[in-house]
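Just the heavy atoms: all of them, side chains too, but no hydrogens, waters or symmetry mates, feed the values below. Lettering of chains follows the sequences in order, A, B, ..., and the numbering in each one begins at 1.
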Amino acid sequence: MSLEGVQLTLVESPGELADFLEWLGHDRRILGVDIETTGLNVAKDRIRMVQFGDAQRGFALSYRDWRGIIRDIFARYRRPMVGHHWKFDSGFLARDGITTPWERTHDTMPMCFLYDSLGPKSLKAASALHIDPAAREGEAQLKKAMAKNGWTWATVPEDFPTYWEYAALDTVLTAQLAEKLWPLIQPYREAYDLEMAVERILCDMELRGARIDVGYCQDMLQNLLWEHGALLDQLAPLNPHSAAEVIAEFAKQGVTLTKRTQSGQLAVDDAVLQHVGTPFAAQVVKARELKKLMSAYFENFLEQRDGDILHPHINQLQARTGRMSVTEPALQTVPKTSFVRDAFIPREGNKLVLCDYDNEEVRLMAHFSRDPGMIAAFLENPPRDVHLDVSIRCYGEQEGPAKRDRGKRALFSKAYGAGVAKFAHTIGVPESEAQRIYNALEATYPGLQTGMEKATRIVRERASYDHAETGYVVLSDKRHIRVKKEKAYVGWNALIQGNAAAVLKRAIVDLEAAGLGEFLILPVHDELMFDVPESDVAEVVPLIEQTMRRDDWRVPLTASAKVADRWGDPYRENHSE
DNA sequence: AGCGCGGGCGCG
DNA sequence: AAAGCGCGCCCGCGCT
């Protein structure tokens, strides 16, 4: 495939429209579709252009001029279509009341990911790799022209050739990419079908959005602003957010710092400041905390809302493991305090339902390690506390329960590759002590070590076999997650996180099939948030738990739901968790 | 003024 | 032989 001889057209006159419609009637394997918008925000931005194309030709249509025609095309076109990141385009069109035929639509983004989970996922980068290095030229040229003329995506003239050619070419790239990748991803059809089904549901979730309590956010932001301002006044002229100034202040006060950052500078992170323990160190910690709460959370909630609804971007294939991420705002990183989570409320007359998998990653480790003790623990009813068992083996029946968290930290540290030194440092104990906990872990669940070694070996062997820089692990839905050979030990993490991600995606599809899709609001790795009418809650909650439950692993993957009036309810101090 | 990076910190 | 993994967003800072 290449871009040579590709013909691009801006449809302006009725004659050009007739030519375009005649072309649209031709027989072709797949029709590429794309839209251009004034920006990325589905609540605030507009569609400017809609483009159609195949491997040879691309057409750009002004949305303002041809909206009715465009609507008809989506209603009538009966053959397969393909977009790149179709959730974006489909969401904008759906918002305008234009329904698109998901059941006949493909997406080259999941194709890219399934072909190579570490490869490029953007249309331009993937096209440059798979089709023609010239695929990037239009974008570069357009950016230059926009900068020169002070244009944005909202103001660049529709008839500016570089703009509409760039727009029309995207459909050609998408169509060519689809033709090239389609045969290559056939071994991963199960995963592809799953991703397409998930994408459609995520599209609806983004449009639905999550409701926030605007007044609460405004009040909390005011309080934070005041408190942070007062702290800055106290410290002035010193800026507690400048590491250099903080380091200089410690030097002046005679405090010696030793920990270094990755690049060799003196570290002044939370652990260091806690260790220093002076009032000034505490003030720096406090200032950072307040700033984070303001800037990353409450300010963003208020800035990014549409009325009282947040429409976050749910990035389906962002992580190399196939995990999803949520941005604008980053709702997967909301602090686990009622203070921040109280910002999230259900719609009028509704309840929030929060359902997460119980110890999902540990249960998957039990499955893949085949460790008899770990498997047995999860087969008991109720399940044994695997972390407590490690702690008791290390510290005894008396002291063990109080040190359960060390058992838990040991498992996750060890499982994801931390050495004894790193583990000792993160939990703040001498290395000898950390080694004792690791020994207890190994004695309790010896299968963990062998499982990790096996995953590492497999990644190395596959990389060698392919003469490649990367090997891979295979997930339950047959997809490959690539892992760099020089960090082959990451294979275990990829296996666990990747399968956890696939489990959640399958659950989302099953929930929709069970009629619960309309309540879905947000995924958080091993957890789903629902917004459910109060009158349906009693019926829906057990259905959610049953639908999410998985019994096709060596241990059951169970899910537990909580009902709340605010997201913060389960995190309140008097709550018994 | 805008960009990229490192440090730091929020989550699973 | 040894190696914590996966993200997003903020700030300060140095650069263009």
Side-chain angles (χ1 to χ4, degrees), chain A residues 117-118 143 147 150 228 239-247 259-273 284-285 287-301 303-304 312-315 317-337 339-341 356-357 359-362 364-365 408-427 434 438 452-453 455-456 473 481 483-498 500-501 504 522-528 571:
Chain A
S117 60
L118 290 177
K143 284 220 166 107
H228 184 252
N239 178 0
H241 301 296
S242 162
E245 292 184 36
V246 170
I247 291 166
K259 185 179 171 186
R260 298 280 171 175
T261 68
Q262 206 175 1
S263 68
Q265 301 170 59
L266 287 169
V268 279
D269 60 21
D270 192 55
V272 169
L273 295 174
V284 173
V285 171
R288 284 180 186 165
E289 183 192 331
L290 295 170
K291 191 77 189 168
K292 180 93 178 173
L293 290 171
M294 277 195 299
S295 306
Y297 301 109
F298 289 107
E299 272 180 6
N300 280 349
F301 298 165
E303 278 170 19
Q304 293 166 12
H313 294 185
I314 306 172
N315 309 305
L317 290 166
Q318 187 63 23
R320 56 184 64 186
T321 52
R323 269 182 162 193
M324 298 183 276
S325 82
V326 177
T327 55
E328 298 178 59
L331 295 187
Q332 290 178 334
T333 73
V334 177
K336 297 183 76 169
T337 61
F339 176 64
V340 187
R341 298 203 171 198
D356 65 336
Y357 281 104
N359 304 98
E360 189 183 20
E361 291 195 2
V362 184
L364 288 173
M365 285 186 217
K408 181 175 177 179
R409 297 293 289 273
L411 178 61
F412 283 104
S413 300
K414 171 93 178 167
Y416 297 145
V420 175
K422 179 78 177 178
F423 172 51
H425 190 258
T426 45
I427 65 165
Y438 262 15
M452 292 171 64
E453 284 168 1
T456 307
V473 295
I481 299 297
V483 176
K484 288 178 185 162
K485 187 181 181 181
E486 75 265 22
K487 285 183 77 174
Y489 68 92
V490 171
W492 182 250
N493 176 273
L495 193 63
I496 303 302
Q497 282 195 359
L504 192 77
L522 194 71
V524 193
H525 302 309
D526 63 351
E527 173 182 358
L528 290 167
Y571 302 91

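- Residue side chain A/Q497 reaches the base of C/dC5 through a donor-acceptor N/O pair under 3.5 Å, judged by distance alone.
- Contact annotation for A/E328: backbone-only contact, meaning every heavy-atom pair under 4.0 Å involves sugar-phosphate atoms and none involves a base.
- Among the heavy atoms of the strands lying under 4.0 Å from A/K487 are primed sugar atoms or P, OP1, OP2 only; no base atom is included.
- Rounding to whole angstrom units, CG of residue A/N315 and C1' of B/dG12 are separated by 16 Å.
- Using a 4.0 Å cut-off, no side-chain N or O of A/T327 falls inside it from OP1 or OP2 of C/dG8.
- Residue contacts for A/A501: at a heavy-atom cut-off of 4.0 Å it reaches no nucleic acid atom on any strand shown.
- Using a 4.0 Å heavy-atom cutoff across all strands shown, A/Y297 reaches sugar-phosphate atoms only and no base atom.
- In this structure, the nucleotide among B/dC11, B/dG7, C/dG12 sitting nearest to the side chain of A/T261 is B/dG7.
- With a cut-off of 3.5 Å on both pairing distances, the Watson-Crick or G-U wobble partner of B/dC3 is C/dG14.
- Of all nucleotides listed (B/dC9, C/dC10, C/dG4), C/dG4 comes nearest to the side chain of A/K422.
- Taking atom OH of A/Y438 as the reference point, atom C1' of C/dA3 lies 10 Å away to the nearest angstrom.
- The side chain of A/T426 approaches C/dG4 more closely than any other nucleotide in the set C/dG4, C/dC5, C/dC10.
- Taking CE from A/M294 and NE2 from A/H228, the interatomic distance works out to 4.5 Å, rounded to the nearest 0.5 Å.
- Heavy atoms of A/Q262 sit under 4.0 angstrom from primed sugar atoms or phosphate atoms, though from no base atom.
- The side chain of A/S242 has C/dG12 as its nearest neighbour among C/dG12, C/dC11, B/dG6.
- Residues A/R323 and A/E361 are paired through a salt bridge, judged by an N-O separation under 4.0 Å between the basic side chain and the carboxylate.
- Under the 30°/60° scheme for interplanar angles, the aromatic rings of A/F301 and A/F298 are found to stand perpendicular.
- A distance of 13.5 Å separates CD of A/Q265 from NZ of A/K259, quoted to the nearest 0.5 Å.
- Atom CG in A/N493 sits roughly 13 Å away from atom P in C/dG4 (whole-Å rounding).
- Backbone-only engagement by A/A319 is indicated by non-hydrogen atom pairs under 4.0 Å involving sugar-phosphate atoms exclusively.
- Look at A/N239 and you'll find a side-chain N or O under 4.0 angstrom from OP1 or OP2 of C/dG12.
- Nucleotides B/dG12 and C/dG4 are separated by 22 Å at their P atoms, to the nearest Å.
- Within the 4.0 angstrom heavy-atom criterion, only backbone atoms of the sugar-phosphate kind lie near A/V268; the bases stay farther away.
- Among the atoms of the strands shown, base atoms are found under 4.0 Å from some heavy atom of A/A418.
- The A/S263 side chain lies nearest to B/dG6 when the options are C/dG8, C/dG6, B/dG6.
- You'll find that the side chain of A/S325 is closest to C/dC7, out of C/dG12, C/dC5, C/dC7.
- Remark: C1' of B/dG10 and CZ of A/F298 are 13 Å apart, rounded to the nearest angstrom.
- The structure places NE2 of A/H313 at 4.5 Å from CD of A/E328, a figure rounded to the nearest 0.5 Å.
- Taking atom CE of A/M294 as the reference point, atom C1' of B/dG10 lies 15 Å away to the nearest angstrom.
- Sparse packing is recorded around NE2 of A/H425, with 12 or fewer heavy atoms of other residues, nucleotides or ligands lying under 6.0 Å away.
- A donor N or O paired with an acceptor N or O is not found under 3.5 Å between the base of C/dC10 and the side-chain atoms of A/K291.
- What separates NE2 of A/H241 from C1' of C/dC10 is a distance of 10 Å, to the nearest Å.
- Between C/dC11 and A/R288, no contact under 4.0 Å exists linking OP1 or OP2 to a side-chain N or O.
- Under a cutoff of 6.0 Å and an axis angle of 45°, A/K414 and A/Y438 form a cation-pi pair.
- Taking the side chain of A/S295 as heavy atoms from C-beta on, and the options C/dC10, B/dG12, C/dG6, the nearest nucleotide is C/dC10.
- Distances were taken from every side-chain heavy atom of A/A330 (C-beta onward) to each of B/dC9, C/dC10, C/dG8; the shortest belongs to C/dG8.
- At C/dG6, one or more side-chain N or O atoms of A/R320 fall inside 4.0 Å of OP1 or OP2 (strictly under the cut-off).
- A/Q265 comes within 4.0 angstrom of sugar-phosphate atoms only, judged by non-hydrogen atoms across all strands, and of no base.
- For C/dG8, neither phosphate oxygen OP1 nor OP2 lies less than 4.0 angstrom from any side-chain nitrogen or oxygen of A/Q332.
- The distance from atom OH of A/Y416 to atom P of C/dC7 is 13 Å, rounded to the nearest whole Å.
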